[in-house]
Asks: 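Sharing a structure here in structure tokens format.
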Amino acid sequence: SGDVDRYVVYRGDGNGNFSAQDTLRSRTDTTYTDSFTSPVNRSYCYKVRAIDSCAYNQSPLSTEACSIYLTADTTGCEQQVNLSWNAYTGFDSLSSYEIYRSSDSTGSNFQLLTTLNGNTTAYTDSQVSFDTTYTYEVRAQAGGRSLTATSNTSTSKPFKPDTPFV
């Protein structure tokens with residue numbers, strides 16, 4: 001029925017099992033921040049269930065939505081940063097990923113670096129300098145709508161090896 005009173009948020013354990021994490025006590029509460037996770041370490045998946053005011057009727061669990069976990073690595077002595085992330089799930093249609101980069105000392109002044117197809121989960125940034133720290137984030141864009149899901153930030157610093165001497 002249309003008598004939604006509250007929502008229950010479920011978090012997955014990574015093996016397909018979901019357990020209740022929190023209850024949003026108002027039907028107008030449509031965002032949730034999970035304070036008991038560490039998104040810098042992995043992706044998390046969630047589902048939601050609506051409950052009526054008498055707690056008699058419950059909706060089926062929603063479609064799964066998973067956060068984006070991004071890693072940025074510099075391999076060996078290459079003047080590049082390799083980015084990879086898990087595919088975002090949660091939008092009906094995922095149109096693209098936007099890659100943002102910051103090279104300022106606080107890692108907070110992000111600029112759009114490139115936009116990739118929604119089927120892509122890796123990118124190599126070769127427009128980097130040695131001994132500069134770069135911070136990245138990825139944003140998934142829903143097709144035809146103004147919905148965005150943002151990854152964790154990940155940092156990498158390409159390094160130039162010392163000149164060998166004999």
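Please read these numbers as outputs of a predicted model, since none were measured by experiment. By convention here, the first residue in the shown sequence is residue 1.
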Asks: Where the side chain of Gln79 meets the backbone of Ser126, is there a donor-acceptor pair that is under 3.5 Å apart?
Replies: no

Asks: Closest heavy-atom contact between Asn152 and Ile68?
Replies: OD1-O, 3.3 Å

Asks: Do Asp22 side-chain atoms and Val9 backbone N/O form a donor-acceptor pair below 3.5 Å?
Replies: no

Asks: Say whether Ser154 and Thr71, considering side chains only, have a donor N or O and an acceptor N or O under 3.5 Å apart.
Replies: no

Asks: Would the distance check show the side chain of Asn117 and the main-chain N or O of Asn119 forming a donor-acceptor pair, the cut-off being under 3.5 Å?
Replies: yes

Asks: In the structure I gave you, are the side-chain heavy atoms of Tyr32 and Tyr7 within less than 4.5 Å of one another anywhere?
Replies: no

Asks: Give the intermediate values and the outcome of side chain to side chain contact (heavy atoms under 4.5 Å, CB included) for residues Phe18 and Cys45.
Replies: CA-CA 9 Å; Phe18 285 80; Cys45 296; 4.2 Å; yes

Asks: Would Val138 and Tyr123 count as a side chain to side chain contact (heavy atoms under 4.5 Å, CB included) if you check the C-alpha gap in whole Å, the side-chain angles of each, and the deciding distance to 0.1 Å?
Replies: CA-CA 10 Å; Val138 172; Tyr123 177 75; over 6 Å; no

Asks: Show the nearest heavy-atom pair for residues Asn82 and Gln80, with the distance to one decimal.
Replies: OD1-NE2, 3.2 Å

Asks: Would you find a donor on one side and an acceptor on the other, under 3.5 Å apart, between the side chain of Asp104 and the backbone of Asn109?
Replies: yes

Asks: Any sub-3.5 Å donor-acceptor pair from Glu64's side-chain atoms to Ser62's backbone N or O?
Replies: no

Asks: With a 4.5 Å limit on heavy-atom distance, are the side chains of Leu94 and Gln141 in contact?
Replies: no

Asks: List the steps, then state whether side chain to side chain contact (heavy atoms under 4.5 Å, CB included) holds for Val81 with Leu83.
Replies: CA-CA 6 Å; Val81 177; Leu83 306 176; 4.0 Å; yes

